[in-house]
Number of protein chains: 2
Amino acid sequence: MDRSVGIREVAEAARVSVGTVSNVLNKPDRVSQATLDRVLGVMDGLGFVRNGLARQLRMGTGTTLGMIVLNVANPFFADLAHACEAAGERVGQTVVLGSSDQLEAREDRYLDLFEEQRVRGMLVAPIDGITPRMRQLRARGMPLVLFDIHGDPGFCSITLDGRAGGAMVARHLIETGRRHIAFLGGPRHQVEDRWLGAQDVCAGNQGVRLSHVDTRDQTIAEGRAAGAVIEAMAKSERPDAVFAANDLLALGLLQALVLSEDIRVPEDIAVVGYDDIDYAQSAVVPLSTVRQSTELLAERAIELVLAESNDPEHEHQQLRLPPELMVRDSSAPR
Amino acid sequence: MDRSVGIREVAEAARVSVGTVSNVLNKPDRVSQATLDRVLGVMDGLGFVRNGLARQLRMGTGTTLGMIVLNVANPFFADLAHACEAAGERVGQTVVLGSSDQLEAREDRYLDLFEEQRVRGMLVAPIDGITPRMRQLRARGMPLVLFDIHGDPGFCSITLDGRAGGAMVARHLIETGRRHIAFLGGPRHQVEDRWLGAQDVCAGNQGVRLSHVDTRDQTIAEGRAAGAVIEAMAKSERPDAVFAANDLLALGLLQALVLSEDIRVPEDIAVVGYDDIDYAQSAVVPLSTVRQSTELLAERAIELVLAESNDPEHEHQQLRLPPELMVRDSSAPR
DNA sequence: TAGCCTACTTGAAACGTTTCATCTTTCATA
DNA sequence: TATGAAAGATGAAACGTTTCAAGTAGGCTA
């Protein structure tokens, strides 16, 4: 098969002009049925594939969105990317994905690449806030929506409301009769919003005690260690509920508690996590947790980036989405 | 800032020809230091960004590879995609990712999109084998490497050797003194290679018994159910090792066994999984498993696709990579 | 029959690069 | 003082599309 069969070769073979072939591709209704059929037939026969690069070059704007996440291998971002792809498809955009791997150099590389490829817009989960490179992009008119960064009026952004999530959990625990909630997680600044949310609610409830158990990071191992600490407490000192800053911590804690002889979940201690990772509902005791709907997040992000692309004068929006509480066995009422 | 600042605007402002500007970009050594500096300065001042589309259109070949996976949200593919991105970067290629979501329509959509965008080559994990569309792509000269499909001489492909993995596990269990191995997993055809590998080894070892416990699918819940079945067996009938077809099954089984009073892991029953998912090493008893190195897989896949791209007459290769056994506590010798 | 509308079709000009055959300048050498 | 080579700079052509003003038939109306 000849290497380059373009619109011109098709035109020649079908004995029409290139303009007509182009019309077949883009405005079939302006072409007579006879020519349409003939041209389509020739395309098939020659194995014509339209060159998207040339097309986009000429048209000035394409149909591709660039997305940069911290790490595709992180389930949350994998889900988010997936959801964005799906949401993009629904409105005829194709999302291509890059993973910055938490390296500034790679973040910049993808920003450059996408700008050179003239993507229609970008969705970015920044490694470390808004960089000068991003401001420059905006200044040049590139539509840009940020994840998990809040408040800068020069950008569209979209965040999950951790404070609201923390409040939800605390409210749920109190309503199901718990009186001493231990918040499990650290380092402090990484989990602050969830902690504050819990505090908001507990402060307003007489007779409810909220304590804080710090961790170095948020892994299963740390959760298990915390479990040992709680087990070693005098019964009277033990909390009757633990709100873990993420699911991994909660799962580790669960492992430790379930193996202990004298603590039952949820009867003696309720456990709630955060993130709703896949394994949460398959845990020994299915884990109550807070779900951050990636579908909704994605939908809104795509909306925002397209709005920005369609109207350069568009007013930036900072969205903050509420999460959703998933109640499972680990925090069932006694 | 003016909307379109191209090579021409730069040339004008720097009082040189467009050819020279292009040389500054592509062959800086053919330009005198003075002009180089001046042009670079102007580019910076004007905020010039080279148009990758036009460049690629003119050059005929780009630096982008298309990759299609079954589902980005699946940790294995997320890892694989991640590894491919990294491997691609090392050789100056950018990998863009699409997720077929197990839908033929989306698989086709990405194949079309990538072909229109004139990617340099594609890496595809096919939903359901080699489709006519893929043969057509190959026939038109598109470099194409398939994951997890074996044997078709018309394509480059790269597979993980499940039979070798199964054999490894069986050998390991026998060498550490186990005599009755239960293979846990189904439906049969999805796990056949691992089963056959185990069989190969057991058949050659006198006094070793291999039985099969079927499951409907490969989830934690199924694993837990299987645990209950084993617990209910008479002690004399119980296996002293379980080889689970994947980690989820193994984790579920582990949950069930650990909670039971009279079975200890690994003393009474050793458990080995398959895949080495993240949670495997954080399980209550860290899980022995078989690791499929995505790094290696990715490296080879990129090599293959580039080889095919550089030499159209290239001989297709069908690679089969051996997995790696990760021994952890769950199969420690007694 | 002239005039006009409709329905298609045409071909050249862009889009922003890279490439390459030429041209210009400079400078060392015979 | 020629001669030639080396180094740098030039500008038109090409890449494969879309767009659009202009052209051609054919048929309908008056």
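What you are looking at is a predicted structure, and each value in this text was computed from that prediction instead of being measured. Letters A, B, ... are given to chains in the order of the sequence lines, protein chains preceding strands, and every chain is numbered from 1.
Listed by residue number, there are no residues of residues 31-41 of chain B with a heavy-atom contact under 4.0 Å to DNA chain C.
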Q) Can you give one letter per nucleotide of nucleotides 19-27 of chain C, going 5' to 3': B for a protein heavy atom under 4.0 Å from the base, S for sugar-phosphate only, - for none? A) B--------
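You can see that DNA chain D meets the heavy atoms of chain B within a 4.0 Å-exclusive cut from D/dG8 to D/dG16, reading 5' to 3'.
For the salt bridge (charged side-chain N to carboxylate O under 4.0 Å, His left out) test, residues two or more places apart in sequence or in another chain that qualify with B/Arg135 are B/Asp152. Contacts of B/Asp108 classified as salt bridge (charged side-chain N to carboxylate O under 4.0 Å, His left out), with partners at least two apart in sequence or in another chain: none. Residues that satisfy the ring-ring contact (aromatic ring centres under 6.0 Å, His included) test with A/His150, not counting sequence neighbours, are absent from this structure. A search for salt bridge (charged side-chain N to carboxylate O under 4.0 Å, His left out) contacts involving B/Arg8 returns nothing, not counting sequence neighbours. By the ring-ring contact (aromatic ring centres under 6.0 Å, His included) test, B/Phe147 pairs with no residue at all, sequence neighbours left out. Qualifying salt bridge (charged side-chain N to carboxylate O under 4.0 Å, His left out) partners for A/Asp101, counting only residues two or more places apart in sequence or in other chains: A/Arg106. Scanning for ring-ring contact (aromatic ring centres under 6.0 Å, His included) contacts around B/Phe155 gives an empty result, with sequence neighbours left out.
Within the structure, ring-ring contact (aromatic ring centres under 6.0 Å, His included) contacts touching residues 5-35 of chain B (residues at least two apart or in different chains) do not occur. Applying the salt bridge (Lys or Arg N to Asp or Glu O under 4.0 Å) test to residues at least two apart or on different chains, the pairs with a partner in residues 50-71 of chain B are A/Glu116-B/Arg50.
Using a cutoff of 4.0 Å between basic side-chain nitrogens and carboxylate oxygens, B/Arg291 and B/Asp275 are not scored as salt-bridged.
Comparing B/Ser17 and B/Arg118 against DNA chain D, the residue whose closest nucleotide sits nearer the 5' end is B/Ser17.
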